[in-house]
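Data first, discussion second: the structure below is written as structure tokens.
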Protein chains: 2
Amino acid sequence: MRGPWWQDRLNDAGFRLTNPRELVLGILRETDKHLSAEDLYVKALQKNPSIGLTTVYRTLDLFTQIGIAQKFDFGDGKARYELANNPLKKAHHHHMVCLKCKSIIDYSDFMKEELELMKKTEKALSKKHKFKIMYHIIHFYGICNSCREGD
Amino acid sequence: MRGPWWQDRLNDAGFRLTNPRELVLGILRETDKHLSAEDLYVKALQKNPSIGLTTVYRTLDLFTQIGIAQKFDFGDGKARYELANNPLKKAHHHHMVCLKCKSIIDYSDFMKEELELMKKTEKALSKKHKFKIMYHIIHFYGICNSCREGD
DNA sequence: GCCTTAATTGATAATGGTTATCATTTTCAA
DNA sequence: TTGAAAATGATAACCATTATCAATTAAGGC
Ligand SMILES: [Mn+2]
Ligand SMILES: [Mn+2]
Ligand SMILES: [Zn+2]
Ligand SMILES: [Zn+2]
């Protein structure tokens, strides 16, 4: 009984692929944005007017826990989510965040050099501090193009 | 221009070095931790029982704006602050965060390589996306030594 | 199918860090 | 000394996220 990867991921972790979960997953799969729980909720309402905001939060939390989605904090006071393995996106990427309009840009330049540095750093840190590293984040903050023009 | 650097920084930006601000600054100068607003408030109360939590928040916000302090989000739901140019710390460093006990470790290994990569990336990004980069953050998340032993 | 049980859901209330408001106090320059 | 501007602190409000809990739904054994 092998389904798509997210279904297997859910099943293997002992969870069901219910309607609300499928709905949230579909929205994540179709966007290239970094949506908040509220964003997801509003979009979900259009397809299922009885879905609850709490369920959206719970679903996103579950997806994050089992690696179906990633949760980010870009400094605007609300968590934002992104599907792992999103077909619309580069696999491994990082983010630039505009300090004015809060827009978020994916980038994946110099990933090879970055990976190399990260590997080296991780090895050194786990030896020096006996710290088992699970993942890392890199964020660039600045002013985006349109915000600079309007200045 | 005859005070310490933080006083000049305040004056140049048109702000006064008041008692509450001096108090918060002193606490930041004496710690090597990453304190929350509440942490700062509790410590401040011991020296000035009439200080208000709002003032601490405002002060930290001001310090962050003019570059006296840095504000971080390590994922535990509250902002944490660190003095820029803290004499107790390495100048440029990044952070490891324990996902279990939320402890934070400064590190400054491979800063040379990192700086090189960051410079290269910043240049590429500002050209490709016309994005003016102001600063970046790097966080490693994982499990610290004591949390692994207790497992 | 039907039953049993556990997983899941959604309405609602509560939480907690942070901000907004506003009257009062402090600072500084004239 | 004085008056305007800046800063403060008590309080209420904000708002994203969680906790609670009764109701609904899904899966497995019969
Ligand atoms: Mn992204
Ligand atoms: Mn630090
Ligand atoms: Zn912008
Ligand atoms: Zn730990």
Side-chain angles (χ1 to χ4, degrees), chain A residues 1 3 6-25 27 34-66 68-69 71-81 102, chain B residues 2-3 6-7 9-25 27 34-66 68-81 102:
Chain A
M1 184 111 227
W6 57 84
Q7 186 164 3
D8 296 343
R9 188 76 65 104
L10 274 171
N11 290 337
D12 292 352
F15 298 100
R16 302 167 181 168
L17 181 53
T18 63
N19 268 338
R21 285 169 184 169
E22 205 155 11
L23 182 47
V24 170
L25 196 119
I27 296 170
H34 306 79
L35 301 177
S36 68
E38 179 79 24
D39 294 338
L40 270 295
Y41 174 60
V42 169
K43 284 184 187 297
L45 274 182
Q46 298 171 7
K47 298 219 169 180
N48 176 357
S50 76
I51 196 172
L53 176 58
T54 305
T55 298
V56 173
Y57 271 104
R58 267 190 303 234
T59 299
L60 291 171
D61 197 50
L62 174 63
F63 284 0
T64 302
Q65 304 262 32
I66 64 179
I68 288 180
K71 181 181 185 178
F72 293 102
D73 183 298
F74 294 117
D76 66 341
K78 61 194 80 171
R80 296 186 171 276
Y81 297 85
K102 311 297 179 190
Chain B
R2 69 177 64 85
W6 58 85
Q7 186 164 3
R9 188 77 65 106
L10 275 170
N11 290 336
D12 293 353
F15 298 99
R16 301 166 181 167
L17 182 53
T18 63
N19 268 337
R21 285 170 183 167
E22 208 155 10
L23 181 49
V24 170
L25 196 118
I27 296 170
H34 306 81
L35 301 177
S36 68
E38 179 79 23
D39 294 337
L40 270 295
Y41 174 59
V42 169
K43 284 184 187 295
L45 274 182
Q46 298 171 6
K47 297 218 170 180
N48 177 357
S50 76
I51 197 171
L53 177 58
T54 305
T55 298
V56 174
Y57 271 105
R58 266 188 305 236
T59 299
L60 291 170
D61 197 50
L62 174 63
F63 285 0
T64 302
Q65 305 262 32
I66 65 180
I68 288 181
Q70 284 174 273
K71 181 181 184 178
F72 293 102
D73 183 297
F74 294 117
D76 66 341
K78 62 194 80 172
R80 296 187 171 274
Y81 298 85
K102 310 299 178 188

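The sequence lines fix the lettering, A, B, ..., with proteins before strands; numbering per chain opens at 1.
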* Is any N or O donor-acceptor pair between the side chain of Thr54(A) and the base of dT12(C) shorter than 3.5 Å? -> yes

* Asked: Does a side chain donor of either Thr64(A) or Asp61(A) reach within less than 3.5 Å of an acceptor in the other side chain?
  -> no

* dG17(C) P sits how many Å from Lys78(B) NZ, rounded? -> 5 Å

* Asked: Does OP1 or OP2 of dA7(D) have a side-chain N or O of Thr18(B) closer than 4.0 Å?
  -> no

* Take atom CG of Leu40(A) and atom P of dT17(D), then tell me their distance rounded to the nearest Å. => 11 Å

* Asked: Rounded to the nearest Å, what distance is computed from the CG atom of residue Asn19(B) to the C1' atom of nucleotide dA7(D)?
  -> 12 Å

* With the side chain of Tyr57(B) defined as its heavy atoms from C-beta on, choose the nearest nucleotide among dT18(D), dG17(C), dT20(D). => dG17(C)

* Asked: Taking all non-hydrogen atoms of both residues, which atom of Tyr41(B) and which atom of Gly52(B) are closest, and how far apart?
  -> CE1-C, 3.7 Å

* Heavy atoms of other groups near Lys102(B) NZ, more than 12 under 6.0 Å -> yes

* Would you mind telling me which of Arg9(B), Arg21(B), Gln7(B) makes a side chain to side chain contact (heavy atoms under 4.5 Å, CB included) with Ile68(B)? => Arg9(B)

* Take Gly77(B) and Leu17(B), find for each the nucleotide of DNA chain C with the closest heavy atom, and name the residue whose nucleotide sits nearer the 5' end. => Gly77(B)

* Using a 4.0 Å heavy-atom cut-off across all strands, classify Ser36(A) as base, sugar-phosphate, or nothing. => nothing

* Please state how far atom CG in Leu10(B) lies from atom C1' in dT27(C), giving the value in whole angstrom units. => 14 Å

* **Closest-nucleotide 5' rank along DNA chain C - winner of Pro49(A) and Glu38(B)** => Pro49(A)

* Asked: With a non-hydrogen cut-off below 4.0 angstrom, is Arg21(B) in contact with a base, only sugar-phosphate, or nothing?
  -> sugar-phosphate

* In whole angstroms, how far is the C1' atom of dT27(C) from the CG atom of Asn11(B)? -> 13 Å

* Atom-to-atom span, CG of Leu23(B) to P of dT26(C) - whole angstrom -> 16 Å

* Asked: To the nearest angstrom, how far is Asp76(A) atom CG from dT19(C) atom P?
  -> 12 Å

* Arg16(A) vs Ala79(A), nearer the 5' end of DNA chain D by closest nucleotide -> Ala79(A)

* Structure fact -> Test side chain to side chain contact (heavy atoms under 4.5 Å, CB included), reference Leu23(A), set Leu45(A), Val56(A), Ile51(A), Leu40(A), output is Ile51(A)

* Asked: Can you check the Tyr41(B) OH to dT8(D) P distance for me, whole Å?
  -> 14 Å

* Structure fact -> Which of dG10(C), dT18(C), dT19(C) is nearest the side chain of Ser50(A)? It is dG10(C)

